[in-house]
Visitor: 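Input: one structure, supplied below.
Reckoned from all heavy atoms, side chains included, excluding hydrogens, waters and symmetry mates. Residue numbers run from 1 in the order of the sequence given. What you see is a predicted model; the values in this text were computed from it and never measured.
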Amino acid sequence: MGRLFVQSLEGKIYSCKHCRTHLALCEDIVSKSFHSRHGKAYLFSKVVNVTSGEKEERLMMTGLHTVADIFCVGCGSIVGWKYETAHEKSQKYKEGKSVLERVKMSGPDGSNYWVSHEAQVGSSDADDV
């Protein structure tokens with residue numbers, strides 16, 4: 001395996017809650033109205049320090065999408081998913097963007113988000129954007 005390159009961010013940062021590797025900046029949030037199996041999730045225009053898994057078709061609340069799970073390069077934890085293709089015209093804005101699950105990251109103030117008992121079970125996606 002090659003040498004690990006980790007990019008450091010400056011500003012208000014979201015990081016992996018397990019290893020504190022930087023993942024995204026507050027200013028790159030597109031929407032906070034997304035949901036995952038574990039609760040809240042945020043759509044980002046740009047994320048760093050992640051690797052992508054295999055692309056797969058997933059039927060989500062807003063239709064069929066081609067997505068790939070994304071993993072923290074620091075510890076290998078799954079932190080969310082990336083939209084590769086949206087099959088519905090109204091969902092095309094998601095293409096190339098990534099969703100980070102709030103429960104998998106620490107906020108800019110160092111806070112963690114815990115799974116609530118009300119978290120949705122099933123396919124994950126935005127409820128409104």
Side-chain angles (χ1 to χ4, degrees):
M1 189 159 134
R3 186 173 175 186
L4 181 66
F5 175 77
V6 177
Q7 185 176 345
S8 293
L9 299 174
E10 291 185 23
K12 293 184 177 182
I13 299 163
Y14 284 94
S15 58
C16 175
K17 84 170 188 180
H18 299 291
C19 69
R20 302 290 188 226
T21 297
H22 295 175
L23 298 174
L25 291 169
C26 273
E27 64 197 47
D28 293 324
I29 293 174
V30 175
S31 175
K32 291 185 175 182
S33 298
F34 280 64
H35 294 275
S36 73
R37 290 183 189 111
H38 303 107
K40 289 186 175 206
Y42 299 166
L43 181 68
F44 287 87
S45 59
K46 178 183 174 189
V47 297
V48 298
N49 301 322
V50 297
T51 57
S52 294
E54 295 289 321
K55 294 179 187 177
E56 62 181 61
E57 301 290 320
R58 286 191 196 156
L59 184 58
M60 297 184 165
M61 291 169 32
T62 57
L64 186 64
H65 297 79
T66 304
V67 299
D69 287 334
I70 54 177
F71 303 85
C72 172
V73 297
C75 65
S77 296
I78 185 170
V79 292
W81 66 91
K82 181 177 181 179
Y83 287 101
E84 300 291 342
T85 307
H87 300 285
E88 302 283 334
K89 186 176 179 181
S90 65
Q91 302 300 307
K92 291 287 186 186
Y93 75 94
K94 296 177 185 175
E95 292 182 344
K97 295 179 178 67
S98 298
V99 173
L100 296 177
E101 295 184 67
R102 190 61 185 95
V103 72
K104 307 284 179 87
M105 58 184 176
S106 295
D109 59 357
S111 65
N112 286 323
Y113 180 84
W114 303 104
V115 177
S116 71
H117 295 290
E118 296 84 37
Q120 282 183 262
V121 177
S123 294
S124 50
D125 212 347
D127 58 353
D128 76 297
V129 180

Visitor: In Å and rounded to the nearest 0.5 Å, what is the CZ to SG distance from Phe44 to Cys26?
Guide: 7.0 Å
Visitor: Output yes when a side-chain donor or acceptor of Lys17 lies under 3.5 Å from a complementary backbone atom of Val103, and no otherwise.
Guide: yes
Visitor: To the nearest 0.5 angstrom, please state how far the CD atom of Glu84 sits from the CD atom of Glu57.
Guide: 10.5 Å
Visitor: What distance separates Arg58 CZ from Thr66 OG1, expressed to the nearest 0.5 Å?
Guide: 10.5 Å
Visitor: Once you round to the nearest 0.5 Å, how far does CD of Glu10 lie from NE2 of His22?
Guide: 9.5 Å
Visitor: Provide the closest heavy-atom pair for Gly80 versus Glu101 in the form atom of the first, atom of the second, distance.
Guide: CA-OE2, 4.2 Å
Visitor: Going by atom types alone, do Lys104 and Ser36 pair a side-chain donor with an acceptor below 3.5 Å?
Guide: no
Visitor: Quick one: do Val50 and Lys82 satisfy side chain to side chain contact (heavy atoms under 4.5 Å, CB included)? Show the steps, please.
Guide: CA-CA 10 Å; Val50 297; Lys82 181 177 181 179; over 6 Å; no
Visitor: Is there side-chain contact between Ile13 and Pro108, with heavy atoms separated by less than 4.5 Å?
Guide: no
Visitor: Once you round to the nearest 0.5 Å, how far does NZ of Lys92 lie from OG1 of Thr85?
Guide: 6.5 Å
Visitor: Please report the shortest heavy-atom distance between Thr21 and Cys72, naming the atom on each side.
Guide: CB-SG, 3.8 Å
Visitor: Within a radius of less than 6.0 Å around CD of Gln7, do more than 12 heavy atoms belonging to other residues, nucleotides or ligands occur?
Guide: yes
Visitor: Find out whether Tyr83 and Val99 are in side-chain contact, i.e. whether some heavy atom of one side chain is under 4.5 Å from a heavy atom of the other.
Guide: yes
Visitor: Could you tell me whether Lys46 atom NZ has more than 12 heavy atoms of other residues or ligands within 6.0 Å of it?
Guide: no
Visitor: Could you point out which residue of Leu100, Leu23, Asn49 forms a side chain to side chain contact (heavy atoms under 4.5 Å, CB included) with Ile70?
Guide: Leu100
Visitor: How about Thr62 and Lys94: do any of their side-chain heavy atoms sit closer than 4.5 Å?
Guide: yes
Visitor: Taking all non-hydrogen atoms of both residues, which atom of His18 and which atom of Cys75 are closest, and how far apart?
Guide: CB-SG, 3.9 Å
Visitor: State, to 0.1 Å, how close Ala86 and Gln91 come at their nearest heavy-atom pair, and which atoms those are.
Guide: CB-O, 3.3 Å
Visitor: Are Ile29 and Met105 connected, step by step, through hydrophobic side chains (Ile, Leu, Val, Met, Phe, Trp, Tyr) whose heavy atoms are closer than 4.5 Å?
Guide: yes
Visitor: Can you give me the closest heavy-atom contact between Tyr93 and Leu43, atom names plus distance?
Guide: CE1-CD2, 3.9 Å
Visitor: I'd like to know if Leu25 and Tyr14 are part of one continuous hydrophobic network [Ile/Leu/Val/Met/Phe/Trp/Tyr, side-chain heavy atoms within less than 4.5 Å].
Guide: no
Visitor: To the nearest 0.5 Å, how far apart are CD in Glu95 and NE2 in His87?
Guide: 8.5 Å
Visitor: Could you tell me whether the side chain of Trp81 reaches within less than 4.5 Å of the side chain of Ser98, counting heavy atoms only?
Guide: no
